[in-house]
Amino acid sequence: MSFILITGANRGIGLHLCRHYLSQRQNVIALARSHSSALEALQTHYQTDQQLDQSGQFKVYQCDLNQEESIQQVAESIKQQGIELELVIHNAGVSINESFGNWTQKAFIDNYRVNAVAPALLTQALFSQFAHKAKIILFSSGVASLSEAKDVRKSALDSYAMSKVALNMLAVKLSNACDGVNTICCAINPGWVRTDMGGQDATQSPEETVISLTQTIANLSEEKNASFLSLAGEPISW
Ligand SMILES: NC(=O)c1ccc[n+]([C@@H]2O[C@H](COP(=O)([O-])OP(=O)(O)OC[C@H]3O[C@@H](n4cnc5c(N)ncnc54)[C@H](OP(=O)(O)O)[C@@H]3O)[C@@H](O)[C@H]2O)c1
């Protein structure tokens with residue numbers, strides 16, 4: 001039985017992704033650092049449905065991606081159950097931002113730890129569980145494009161952008177590392193989405209974003225391995 005694993009599943013895009021895949025009767029593993037009533041309601045709903053044998057399985061694990069031990073514990077639990085992963089979506093992220101003049105080591109490190117280091121360590125820890133042609137999706141950002149950054153004169157997203165550039169490199173490094181098991185790994189910019197991170201002025205609702213994202217992910221083929229893609233699956237300039 002294959003599962004889809006989604007990080008940062010208690011709110012925002014991650015929660016909507018869980019909802020979407022569960023509604024498609026897929027088996028889902030949700031990783032969440034914090035409790036949320038929305039995730040709990042989803043869990044209750046799908047556990048009830050399971051009794052009627054109408055849906056896939058839904059497993060929720062607590063995991064703080066700032067803590068290496070927490071990443072190892074959740075991976076160990078998944079391994080012990082012999083769970084196979086067909087899709088891993090590294091959705092969890094933070095956007096801690098300070099403009100030049102106020103930069104701090106803490107903000108840089110906090111962004112890097114969740115946005116770039118955690119997806120690397122979690123993928124490494126789960127490597128043995130990947131199905132043949134498993135997909136590994138890293139949620140990047142338009143601000144991670146080096147070529148486009150030259151035109152964004154007033155962006156205040158410095159440390160966030162740098163952490164997502166590191167994440168983009170991870171897409172390439174993971175593609176090399178996972179070569180033997182034929183995974184497809186890419187970085188996708190989900191666009192500007194109305195969540196806690198994106199704010200209420202963002203142009204896309206989480207619902208419409210998830211419809212496009214899941215189509216793009218479903219259509220990913222091997223030639224998209226190690227690429228940086230838009231929501232629609234078009235290449236973005238590194
Ligand atoms: N929204 C946008 O416009 C936009 C644009 C481009 C890219 N993205 C990317 O898309 C992804 C999802 O964004 P979003 O808008 O849904 O963000 P969001 O609403 O702020 O949600 C962020 C999620 O990440 C989780 N998270 C943060 N730190 C964590 C940690 N240490 N351990 C475990 N989970 C942690 C949060 O959990 P807690 O509740 O525990 O904090 C939450 O579930 C992010 O990677 C983001 O960079 C978003």
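In each ligand, atom 1 is the first atom listed, and ligand 1 is the first ligand listed.
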Discussion item. Main chain of Ile217, side chain of Lys135: is a donor-acceptor contact present, judged purely on distance under 3.5 Å?
Written reply: yes
Worksheet item: Side-chain contact, heavy-atom cut-off 4.5 Å: Arg33 with Leu65?
Response: no
Worksheet item: So between Ser34, Cys63, Ala92, whose heavy atom ends up nearest atom 26 (N) of ligand 1?
Response: Ala92
Discussion item. Quick test: of every protein heavy atom, which one is nearest to atom 32 (N) of ligand 1, and how far off is it to 0.1 Å?
Written reply: Leu65 N, 2.8 Å
Worksheet item: Do the side chains of Ile184 and Glu222 get nearer than 4.5 Å, heavy atoms only?
Response: yes
Worksheet, complete the sentence: Judged by heavy atoms only, the candidate from Gly191, Ala202, Gly198 nearest atom 5 (C) of ligand 1 is Gly191
Worksheet item: Do any nitrogen or oxygen atoms of Val193 lie less than 3.5 angstrom from nitrogen or oxygen atoms of ligand 1?
Response: yes
Discussion item. Counting non-hydrogen protein atoms only, what is the nearest one to atom 28 (N) of ligand 1? Give residue, atom name and distance.
Written reply: Arg33 NH2, 3.4 Å
Worksheet, complete the sentence: heavy-atom search around atom 16 (O) of ligand 1 in the protein gives Ile13 N, 2.8 Å
Response to the item:
Counting from 1 in the order shown, the ligand 1 atoms closer than 4.0 Å to a non-hydrogen atom of Trp192 are 3 (O)
Worksheet item: So how far is it from Leu122 CG to Gln72 CD, rounded to the nearest 0.5 Å?
Response: 9.0 Å
Item to complete: Give a yes or no on whether the backbone of Ser237 and the side-chain of Ser145 come within a donor-acceptor separation of less than 3.5 Å.
Response: yes
Worksheet item: Could an N or O of ligand 1 be found under 3.5 Å from any N or O of Val114, whether backbone or side chain?
Response: no
Worksheet entry | atom 22 (C) of ligand 1: the protein heavy-atom neighbour that sits closest, reported with distance to 0.1 Å | Gly93 O, 3.6 Å
Fill in: Element-labelled atoms of ligand 1 that are located less than 4.0 Å from some non-hydrogen atom of Val94
27 (C), 28 (N)
Practice prompt. Using distance alone, decide if ligand 1 has a nitrogen or oxygen within less than 3.5 Å of any nitrogen or oxygen in Asp64.
Written response: yes
Discussion item. Closer than 4.0 Å to some heavy atom of Asn66 - which atoms of ligand 1 meet that?
Written reply: 31 (N)
Worksheet item: Is there a heavy atom of Lys164 sitting under 4.0 angstrom from any atom of ligand 1?
Response: yes
Practice prompt. Could you tell me whether Pro190 and ligand 1 have an N or O pair separated by under 3.5 Å?
Written response: no
Practice prompt. Can you pull out the closest protein heavy atom to atom 17 (O) of ligand 1? Residue, atom name and distance to 0.1 Å, please.
Written response: Met197 CB, 3.5 Å
Worksheet item: Is Ile137 reachable from Leu22 through a run of hydrophobic residues whose side-chain heavy atoms are each under 4.5 Å from the next?
Response: yes
Worksheet item: Tell me, which protein residue and heavy-atom name are nearest atom 47 (O) of ligand 1, and how many Å apart are they?
Response: Tyr160 OH, 2.6 Å
Worksheet item: Is there a nitrogen or oxygen of Gly14 sitting under 3.5 Å from a nitrogen or oxygen of ligand 1?
Response: no
Worksheet item: Under 4.0 Å from any heavy atom of Gly12, which atoms of ligand 1 are there?
Response: 16 (O), 19 (O)
Worksheet entry | Nearest neighbour of atom 39 (O) of ligand 1 from the list Arg194, His16, Arg11, on a heavy-atom basis | Arg11
Worksheet item: So is Ser36 close enough to ligand 1, meaning a heavy atom under 4.0 angstrom away?
Response: no
Worksheet item: Between Asp64 and Ser70, do the side chains contain an N or O donor and an N or O acceptor separated by less than 3.5 Å?
Response: no
Worksheet item: Looking only at atom types and distance, does a side-chain atom of Thr183 sit under 3.5 Å from a main-chain N or O of Cys185, one as donor and one as acceptor?
Response: no
Worksheet item: Between Asn111 and Ser163, is any side-chain donor less than 3.5 angstrom from a side-chain acceptor?
Response: no
Worksheet item: Should Asn10 be counted as touching ligand 1, given the test is an N or O pair under 3.5 Å?
Response: yes
Item to complete: Taking the side chain as every heavy atom from C-beta outward, state whether Leu229 and Leu220 have any pair of such atoms under 4.5 Å apart.
Response: yes
Discussion item. Testing the 3.5 Å rule here: is there a donor-acceptor pair between the side chains of Glu98 and Thr104?
Written reply: yes
Item to complete: Kindly confirm or rule out an N or O of Ala9 lying under 3.5 angstrom from an N or O of ligand 1.
Response: no
Practice prompt. Please tell me if the side chains of Leu231 and Thr216 come closer than 4.5 Å, counting only heavy atoms from C-beta onward.
Written response: no
Practice prompt. Counting heavy atoms only, name the option from Asn91, Thr7, Ile6, Thr195 that's nearest to atom 44 (C) of ligand 1.
Written response: Asn91
Worksheet item: Relative to the heavy atoms of Asp196, which atoms of ligand 1 are at a distance of less than 4.0 Å?
Response: 19 (O)
Discussion item. Taking only non-hydrogen atoms of Ser140, do any sit less than 4.0 angstrom from ligand 1?
Written reply: yes
Practice prompt. Could you tell me whether a side-chain N or O of Ser23 sits under 3.5 Å from a main-chain N or O of His20, the two making a donor and an acceptor?
Written response: yes
Practice prompt. Would you please say whether a donor-acceptor pair under 3.5 Å links the side chains of His90 and Thr123?
Written response: yes
Discussion item. Counting only heavy atoms not in Lys79 (residues, nucleotides, ligands), do more than 12 fall under 6.0 Å from its NZ?
Written reply: yes
